[in-house]
Amino acid sequence: MTFFLMFVFTFLVLWRPQEWLIPWMFGFPLLNIIFGISLFSLFVESREGVLRPARHGLPQYYLLPGLFFAALMSHVAWFYWVGFVNTIEPVARITLFTMVLLASLDRPSRLRRMALVIVVMTAVMAVHCLLQQQRGYGFANAPPLYIRATRTTPAYFRSQFFGIFEDPNDTAQMLSIALPFSFVLFKRRNLFTFLIGLGFAWLLVAGILSTGSRGGWVALLGTVAMMVALILPARWTPYALGALALGGLLSTSLAGPWLEATPYTYDRVQFWAEANWAFKSRPIFGVGYGMIREYTTRAATTHNAFVSCYSELGLFGYWFWFNLLFLGIMGAWRSRTAMKNAVTPEQKYLRRFSGAALASMIGYAASAYFLSRAFVFPIFILFSILAAIPAVTEHELSEDTPPLIEPRRDLLLWGTFATVASVLYVYVSILLINRVYFG
């Protein structure tokens with residue numbers, strides 16, 4: 001029952017019917033009701049032993065409450081009572097949701113159903129985007145975003161969806177995240193299932209292109225690059241990730257023409273600099289959850305999820321958020337490696353699913369450099385999926401298999417190192433972009 005409710009919750013988050021199909025539902029707390037029932041269901045199913053607990057535990061169950069505490073501390077540290085009160089509900093809701101969804105993803109069939117709902121609903125988004133380009137309006141007569149002509153570019157239209165995706169960049173990012181899951185909709189892989197996945201992938205790519213989002217292009221390139229890298233042996237995955245990160249850093253030195261041709265690039269570079277200045281002024285607890293607009297020109301968002309997160313929550317809160325991403329990547333990689341000699345259909349499927357989830361997260365991480373979404377449900381759904389993979393994988397392995405994620409080594413040591421390294425990486429890359437752009 002818990003998983004069914006979480007499935008419906010995810011379906012509604014991606015579909016957004018209250019925004020366009022059933023407008024009278026707008027403002028009705030349907031998601032809160034579903035989530036409240038799912039909490040009760042989780043309690044009952046846990047007592048009755050219906051859910052399979054992770055064999056070796058999961059550090060995400062500690063990271064998520066820690067992230068909630070850190071978000072509160074980002075205001076407590078500066079004695080800002082209004083910010084503290086306004087932070088409780090949104091952060092508690094998203095962290096609790098992630099924990100419930102993670103607990104319910106306890107077997108391969110449920111991972112497969114999550115892939116199904118993500119791909120099908122993003123396909124609906126893609127159809128809406130293509131309709132906007134072809135006939136000038138999509139579902140509910142919603143028009144695309146009109147971009148006026150400039151001295152260098154003609155006028156054009158950018159497709160978008162509804163609600164939290166009512167921005168071409170956010171729409172493109174979600175479509176890119178869904179792309180790898182197109183190929184893991186079925187347990188068995190054959191020509192028929194591959195062609196179905198290829199059809200969904202074509203639709204999603206067409207939707208991404210219709211958004212005119214450069215951040216979407218980055219997400220697509222990161223996703224496809226990781227999917228190609230999955231052809232290599234699993235033990236080479238860390239080297240592939242390192243090569244992608246190094247390539248991203250080196251590309252900043254060649255980004256001059258692209259930056260000059262990109263509308264509003266100057267503003268984004270300025271926002272990053274202002275957010276980094278705010279971070280340096282309050283590096284431990286940050287300037288406060290949701291407060292970075294107070295430090296940027298025209299109260300703008302930073303257009304960089306990493307910068308936004310560490311500037312608002314400081315290193316303390318960023319450590320929790322980034323390790324949800326880092327441990328997800330590490331868990332997916334190790335699960336894929338552990339299944340290199342897969343025999344059963346479930347084991348073979350988990351190996352493919354681990355690779356797809358890994359490519360999806362890399363696509364998000366690549367696009368997050370240019371987009372601000374760090375605390376929205378779709379991203380935390382992805383965090384839940386990747387966190388569940390090693391737990392599900394361990395149930396398919398022998399009893400004496402060591403844990404795929406070891407908290408002391410992987411979280412406290414490597415996670416801390418990766419957190420600091422990611423801040424330095426973003427900071428250095430921004431310095432390089434400033435040098436390229438301003439000379």
Problem set entry | side chain to side chain contact (heavy atoms under 4.5 Å, CB included) evaluation trace for K348 with T344 | CA-CA 6 Å; K348 293 178 180 180; T344 68; over 6 Å; no
Problem set entry | Worked verdict on T297 versus E274 for side-chain hydrogen bond (donor to acceptor under 3.5 Å, both in side chains) | CA-CA 8 Å; T297 304; E274 291 169 344; 2.5 Å; yes
Atom [atom1] in [X], atom [atom2] in [Y]: separation rounded to 0.5 Å?
{"X": "L116", "Y": "R113", "atom1": "CG", "atom2": "CZ", "value": "9.5 Å"}
{"X": "R16", "Y": "M121", "atom1": "CZ", "atom2": "CE", "value": "11.0 Å"}
{"X": "S109", "Y": "E346", "atom1": "OG", "atom2": "CD", "value": "7.0 Å"}
{"X": "S360", "Y": "I362", "atom1": "OG", "atom2": "CD1", "value": "9.5 Å"}
{"X": "L67", "Y": "C309", "atom1": "CG", "atom2": "SG", "value": "7.0 Å"}
{"X": "L204", "Y": "I177", "atom1": "CG", "atom2": "CD1", "value": "11.5 Å"}

Exercise. Are side-chain N/O atoms of T302 and W272 paired as donor and acceptor at under 3.5 Å?
Worked result: no
For this session: Consider only side-chain N and O atoms of Y310 and N276, and report whether a donor and an acceptor are under 3.5 Å apart.
Result: yes
Main-chain N/O of [Y] paired to [X] side chain as donor or acceptor, under 3.5 Å:
{"X": "E312", "Y": "G290", "result": "yes"}
{"X": "R110", "Y": "S104", "result": "yes"}
{"X": "S367", "Y": "G216", "result": "no"}
{"X": "S38", "Y": "L5", "result": "no"}
{"X": "S311", "Y": "V307", "result": "yes"}
{"X": "R351", "Y": "S335", "result": "no"}
{"X": "N323", "Y": "F326", "result": "no"}
{"X": "D170", "Y": "F165", "result": "no"}
{"X": "S41", "Y": "I37", "result": "no"}
{"X": "Q60", "Y": "L63", "result": "no"}

Flag the pair [X] / [Y] as yes when at least one side-chain heavy-atom distance between them is below 4.5 Å, and no otherwise.
{"X": "L382", "Y": "F181", "value": "yes"}
{"X": "L185", "Y": "F200", "value": "yes"}
{"X": "F183", "Y": "R352", "value": "no"}
{"X": "Q160", "Y": "N169", "value": "no"}
{"X": "F161", "Y": "E166", "value": "no"}

For this session: With S422 as reference, evaluate F417, F322, Y427 under the side-chain contact (heavy atoms from CB on, under 4.5 Å) test and give the passing residue.
Result: F322
Problem set entry | Candidate pair F383 and F380, rule ring-ring contact (aromatic ring centres under 6.0 Å, His included), full reasoning | CA-CA 5 Å; F383 285 161; F380 278 77; 5.1 Å; yes
For this session: Quick one: do F306 and Y369 satisfy ring-ring contact (aromatic ring centres under 6.0 Å, His included)? Show the steps, please.
Result: CA-CA 7 Å; F306 300 100; Y369 189 95; 7.4 Å; no
Exercise. Between F84 and F79, is the gap from one ring center to the other below 6.0 Å?
Worked result: no
For this session: Run the ring-centre check on H303 versus F370 and record whether the distance is less than 6.0 Å.
Result: no
Exercise. Which heavy atom of T211 sits nearest a heavy atom of R158, and at what distance?
Worked result: O-NE, 2.8 Å
Problem set entry | Candidate list W81, Y289, Y80, F285, test ring-ring contact (aromatic ring centres under 6.0 Å, His included), partner H75, passing option | Y80
For this session: Please lay out, stage by stage, how T171 and C129 fare under the test side chain to side chain contact (heavy atoms under 4.5 Å, CB included).
Result: CA-CA 9 Å; T171 302; C129 291; 3.7 Å; yes
Exercise. Given the rule in the side chain to side chain contact (heavy atoms under 4.5 Å, CB included) test, do I88 and L72 qualify, once you have shown the distances and angles that lead to the verdict?
Worked result: CA-CA 7 Å; I88 294 175; L72 298 181; 3.7 Å; yes
For this session: Give the intermediate values and the outcome of side chain to side chain contact (heavy atoms under 4.5 Å, CB included) for residues F97 and I381.
Result: CA-CA 9 Å; F97 161 80; I381 290 171; 3.6 Å; yes
Exercise. So is R282 actually on top of W78's ring, under 6.0 Å and inside 45° of the axis?
Worked result: yes
